[in-house]
Amino acid sequence: MTLETASPVQPNSHPGTPFGEMWRVAEQNPAYSLLEVLDSIDRDVWDMEMPSANQRGVYARVNGQAALHRLREAMNGMQAEYPLDAPPRRRQWLASGCFMRVEAVLDASQVRELAGHCDHLLHTPGMRPVRLFENPHILSEEAIVAIARTALAALPQALPCSARPALLKRRTLLRRTFPRAQLPDAHGNANNQFWHQDSNQKFNDAPMITLWIPLEDGVGRTCPGMEVIDAPVSYFSILHGDSSQTICPILCDMFPGTQITSLEAAAGDCVMFNGLTFHQTATNPEMRQHRDALLIRIIEAADAAHFGPDGAVDGIVPLV
């Protein structure tokens with residue numbers, strides 16, 4: 001599938017982006033602190049990387065509208081330092097824009113058990129993902145580690161000898177995604193998601209691999225799948241990396257010939273891609289079934305502190 005062009009839209013002006021949602025809440029509530037703005041969108045539409053206790057104290061004293069105005073002014077300058085098509089500065093474990101499939105990392109009984117937990121815990125459209133390390137009865141740490149090691153062993157190139165891969169606990173999830181026919185107006189990251197990267201501004205180009213393991217057959221046909229853009233971007237996009245409907249023509253201009261692939265995978269198969277790779281939920285009007293998936297992120301242990309306040313030693317599980 002080739003990239004279609006679209007009329008330009010002001011970056012992050014759409015309410016489907018986290019910055020757009022923060023800006024909307026701040027404008028509607030000019031007396032809100034930055035912390036009240038963050039809490040509001042986390043409660044309503046976005047599963048946010050929440051600030052640490054010290055940061056919360058600072059954010060509670062800062063006016064949200066003023067803080068977001070300063071942030072908006074700084075965004076273009078930050079992106080100029082890390083243009084998406086600039087030469088990479090760090091080696092990635094799997095090339096950006098690429099994906100690969102590893103068959104049957106879950107056996108049939110594991111698929112059934114995990115799908116049953118989703119039926120029990122994620123039965124209502126729009127419910128937040130389940131963090132597995134907060135619910136160890138669902139899938140043991142040993143089982144998650146085994147899945148991650150199987151995926152890493154399938155990489156086309158072995159990791160550098162100096163690499164210390166680790167599971168990012170906060171981002172080891174069970175997620176249920178509903179077709180738009182059942183949840184048509186939802187924005188945010190609890191269900192269908194627009195184009196985004198799995199990295200973030202602070203983590204940026206540190207190596208990351210996402211494992212996406214659907215628990216139903218028919219993914220991409222009868223239930224929501226995933227689309228991936230093969231553009232070899234080198235950095236996280238300040239303007240588009242969280243949620244974007246306008247990134248396709250931008251990447252097409254940067255990387256001529258860039259294409260979108262709609263992924264299909266059997267239940268229990270693992271699709272792997274880089275944390276900088278742009279991807280989004282793939283749905284069509286005919287889909288009527290939900291899709292459950294096990295999501296695992298693998299990062300370099302030394303970079304864990306860049307992914308949320310709980311991302312240091314207590315937030316990871318070493319794989320070596």
Side-chain angles (χ1 to χ4, degrees), residues 6-84 126-129 131 170-171 183-206 233 235-250 275-276 278 280-281 305-311 315:
S7 57
V9 177
Q10 182 65 29
N12 282 69
S13 63
H14 194 276
T17 70
F19 187 86
E21 283 295 301
M22 286 190 286
W23 189 258
R24 177 187 63 79
V25 170
E27 284 195 319
Q28 291 178 354
N29 304 276
Y32 267 20
S33 69
L34 180 58
L35 181 62
E36 288 173 308
V37 172
L38 288 170
D39 283 344
S40 175
I41 71 165
D42 179 65
R43 181 176 62 249
D44 293 340
V45 291
W46 287 93
D47 184 21
M48 301 288 289
E49 293 288 344
M50 295 306 290
S52 66
N54 288 339
Q55 289 171 324
R56 289 180 69 86
V58 173
Y59 293 175
R61 299 191 297 270
V62 175
N63 177 264
Q65 201 169 43
L68 293 172
H69 180 74
R70 290 195 297 270
L71 178 60
R72 187 168 64 176
E73 289 180 338
M75 285 174 114
N76 287 334
M78 289 187 288
Q79 191 65 74
E81 185 179 354
Y82 294 102
L84 298 181
M127 293 182 73
R128 293 171 183 269
R131 294 191 172 98
R170 182 177 168 82
R171 283 294 180 257
L183 204 61
D185 299 322
H187 297 295
N189 58 3
N191 194 61
N192 288 299
Q193 295 178 265
F194 298 131
W195 292 110
H196 64 281
Q197 300 165 288
D198 281 349
S199 186
N200 63 29
Q201 175 186 336
K202 189 175 179 183
F203 197 84
N204 199 6
D205 61 335
V233 297
Y235 303 101
F236 180 76
S237 173
I238 304 298
L239 300 177
H240 298 280
D242 280 339
S243 179
S244 177
Q245 296 182 79
T246 61
I247 190 62
C248 291
I250 295 170
L276 296 173
F278 275 96
Q280 73 169 1
T281 306
H306 299 313
F307 218 99
D310 59 348

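Annotation for Q193 and Q280: closest pair O-CB, 3.4 Å, computed over non-hydrogen atoms. Closest non-hydrogen pair, Q65 versus A26, comes out as NE2-O, 3.8 Å. The nearest pair of heavy atoms linking V233 to Q197 is CG2-NE2, 3.8 Å. Residues M22 and V37 approach most closely at O-CG1, 3.6 Å, considering heavy atoms.
For R61, the side chain to side chain contact (heavy atoms under 4.5 Å, CB included) test picks out V58, with sequence neighbours left out. With sequence neighbours excluded, the residues that form a ring-ring contact (aromatic ring centres under 6.0 Å, His included) with F203 are F307. Residues satisfying the side chain to side chain contact (heavy atoms under 4.5 Å, CB included) criterion with N204, sequence neighbours excluded, are Y82, Y235, F236. F278 meets the ring-ring contact (aromatic ring centres under 6.0 Å, His included) test with no other residue; sequence neighbours excluded. Looking at residues two or more places apart in sequence or on another chain, you find a side chain to side chain contact (heavy atoms under 4.5 Å, CB included) between S33 and L35, E36. For the side chain to side chain contact (heavy atoms under 4.5 Å, CB included) test, residues two or more places apart in sequence or in another chain that qualify with I250 are H240, I247, M254.
Atom CG of D242 sits about 15.5 Å away from atom CH2 of W195, to the nearest 0.5 Å.
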List the steps, then state whether side chain to side chain contact (heavy atoms under 4.5 Å, CB included) holds for E27 with L68.
CA-CA 10 Å; E27 284 195 319; L68 293 172; over 6 Å; no
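In this structure, N63 contributes its side chain and P30 its backbone to a donor-acceptor pair below 3.5 Å.
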